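Each residue takes its place number in the sequence, starting with 1. Please read all numbers here as calculations on a predicted model, not as lab measurements.
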Amino acid sequence: MALSHDRNTIDFAQYQPRHFRWALRDRVATITLDRPERKNPLTFESYAELRDTFRALLYADAVKAVVITGAGGNFCSGGDVHEIIGPLVRMQEAGDMQGLLDFTRMTGDLVKAMRACPQVIIAAIDGVCAGAGAIIAMASDLRLGTAASKVAFLFTRVGLAGADMGACNILPRLIGAGRAAELLYTGRAMDGAEAERFGFFNRLVAPEALAAEAEALAASLADGPSFAHAMTKRCLHQEWNMAIDEAIEAEAQAQAICMQTKDFGRAYYAFVAKQKPVFAGN
């Protein structure tokens, strides 16, 4: 009997979000931030809709991998100055501490949802990738960039801490504590070559090939053992807070669960038959 979930349910085959573009093809979803005239900034509404989308992906068997990108040659310029920064300043002037905290918790919930969903998320980054845009890239599982991209954690430029949406936790793990500290203190931009050298980008591709490369990588993951990929993602996230003995035990349990999947048997029998395995994610 199929079970239905009574919350966070979205029919992703028919999904039409209001604040970004959504496409689903062959189990790969593509999210496109689509305000190119402003370099694709975020608003209160787009933050919330992205959060709710990633939360619902927890239950989306039809989606096996996600690409997130931006329209018009840029990824995302961060929070919209007029639609987010201005209202936040007015909250500060009104002494609305609760409103400010509600906002910062909501933005952090987007990162939590991205880390909790089982799908591998690939950020395809060209042009400006700044502020909250850099955070979305950071929170993704894999990052493809271009030489023309500029990644900047700009929070200090507007009088805020570099500690935003998990940056002080996640970024040092990606690029090292010293490099992360410099970027978070100064707000300076990394170009594509530096981002790749630091390990922020998994690799650089030509701008004209970025979309195709990201979709091909997502398709290869969607065609792979997606249950096992989800387990890998969960272990990568959970083991940050574990000692090595706990991590080894957690991985023993995770691997034993994966050994119960049909994909494990499919891989074996395909090897015996000298064929490429055809995985089904179960």
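- Under a hydrophobic clustering in which Ile, Leu, Val, Met, Phe, Trp and Tyr are joined whenever their side-chain heavy atoms come within less than 4.5 Å, directly or via other members, Val63 and Ile136 fall into the same cluster.
- When all heavy atoms are compared, the tightest approach of Cys129 to Gly133 is SG-O, 3.6 Å.
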Q: List the steps and the verdict of side chain to side chain contact (heavy atoms under 4.5 Å, CB included) for Thr107 and Leu110.
A: CA-CA 5 Å; Thr107 62; Leu110 168 56; 5.8 Å; no
(Q) Apply side chain to side chain donor-acceptor pair (under 3.5 Å) to residues Asn74 and Arg38 and explain how you reach the verdict. (A) CA-CA 9 Å; Asn74 292 291; Arg38 303 278 294 278; over 6 Å; no
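- No side-chain donor-acceptor contact under 3.5 Å links Thr261 to the backbone of Ile257.
- In this structure, CD1 on Ile10 lies 12.5 Å from CD on Gln16, to the nearest 0.5 angstrom.
- By the rule that hydrophobic residues join a cluster once side-chain heavy atoms approach within less than 4.5 Å of another member, Phe54 and Met106 end up as members of one cluster.
- Separation of atoms CG (Asp164) and CG (Leu154) is listed at 11.0 Å; rounding is to 0.5 Å.
- Nearest heavy-atom pair, Ile122 versus Ala214, reported as atom, atom and distance to 0.1 Å: CD1-O, 4.0 Å.
- Formation of a donor-acceptor pair under 3.5 Å by the Thr186 side chain with backbone atoms of Glu182 is found in this model.
- Between the Lys64 side chain and the Asp61 main chain, a donor and an acceptor come within less than 3.5 Å of each other.
- Atom CG of Asp26 has 12 or fewer heavy atoms from other residues, nucleotides or ligands within 6.0 Å.
- Across Arg18 and Glu49, no two heavy atoms sit closer than the pair N-OE2, 2.9 Å.
- Other residues, nucleotides and ligands contribute over 12 non-hydrogen atoms within 6.0 Å of the CD atom of Glu45.
- Remark: Ile170 CD1 to Ile175 CD1 distance equals 12.0 Å, nearest 0.5 Å.
- Counting heavy atoms from C-beta on, the side chains of Val28 and Glu215 never come closer than 4.5 Å.
- Looking only at side-chain heavy atoms (C-beta outward), Leu58 and Pro118 come within less than 4.5 Å of each other.
- With respect to the salt-bridge test (charged N to carboxylate O, under 4.0 angstrom), the residues Asp96 and Arg90 do not qualify.
- At least one side-chain heavy atom of Val111 sits less than 4.5 Å from a side-chain heavy atom of Arg115.
- Residue Arg25 qualifies as open at atom CZ: its count of foreign heavy atoms under 6.0 Å is 12 or below.
- Under a hydrophobic clustering in which Ile, Leu, Val, Met, Phe, Trp and Tyr are joined whenever their side-chain heavy atoms come within less than 4.5 Å, directly or via other members, Ile31 and Leu221 fall into different clusters.
- With rounding to the nearest 0.5 angstrom, the CG atom of Asp80 is 9.0 Å from the CG atom of Leu42.
- Residues Cys76 and Leu33 approach most closely at CB-CD1, 3.7 Å, considering heavy atoms.
- Under the 4.5 Å side-chain heavy-atom criterion for grouping Ile, Leu, Val, Met, Phe, Trp and Tyr, Leu217 is connected to Val120 within one hydrophobic cluster.
- Between Glu246 and Gln238 the shortest side-chain heavy-atom distance does not fall below 4.5 Å.
- When atom types are taken as modelled, the side chain of Thr69 and the backbone of Ala124 share a donor-acceptor pair closer than 3.5 angstrom.
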For a quick test of your reading: what N or O donor-acceptor pairs under 3.5 Å do the side chains of residues 224-234 make, sequence neighbours left out?
from	atom 1	to	atom 2	distance (Å)
Thr232	OG1	Ala228	O	3.0
Lys233	NZ	Met114	O	2.9
Lys233	NZ	Cys117	O	3.0
Lys233	NZ	Gln119	O	2.7
Lys233	NZ	Asp141	OD2	3.1
Arg234	NH2	Ala116	O	3.4

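- Taking each heavy atom of Phe200 and Ala137 in turn, the nearest pair found is CZ-CB, 4.1 Å.
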Q | side chain to side chain contact (heavy atoms under 4.5 Å, CB included) between Arg143 and Asn202, worked out | A | CA-CA 6 Å; Arg143 286 157 294 279; Asn202 293 91; 4.2 Å; yes
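- Under a hydrophobic-cluster definition in which Ile, Leu, Val, Met, Phe, Trp and Tyr are linked whenever side-chain heavy atoms come within less than 4.5 Å, directly or via other members, Leu142 and Leu50 are assigned to different clusters.
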Q) Taking it one step at a time, do Arg27 and Asp223 satisfy salt bridge (Lys or Arg N to Asp or Glu O under 4.0 Å)? A) CA-CA 9 Å; Arg27 300 173 298 167; Asp223 287 340; 2.6 Å; yes
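- Of all heavy-atom pairs between Thr32 and Gly70, the closest is CG2-C, 4.0 Å.
- Inter-residue side-chain proximity for Glu37 and Arg35 is flagged as met; some heavy-atom pair is nearer than 4.5 Å.
- Other residues, nucleotides and ligands place no more than 12 heavy atoms under 6.0 Å from the CZ atom of Phe264.
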Q | side chain to side chain contact (heavy atoms under 4.5 Å, CB included) evaluation trace for Glu251 with Ile248 | A | CA-CA 5 Å; Glu251 293 189 9; Ile248 290 172; 5.9 Å; no
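- Among pairs with a residue in residues 15-48, those fulfilling ring pair (Phe, Tyr, Trp, His ring centres under 6.0 Å) read Phe12-Tyr15, Phe12-Trp22, Tyr15-Trp22, Phe44-Phe103, Tyr47-Phe103, at least two apart in sequence or across chains.
- The backbone N or O of Lys262 sits nowhere less than 3.5 Å from a side-chain atom of Asn282 that would complete a donor-acceptor pair.
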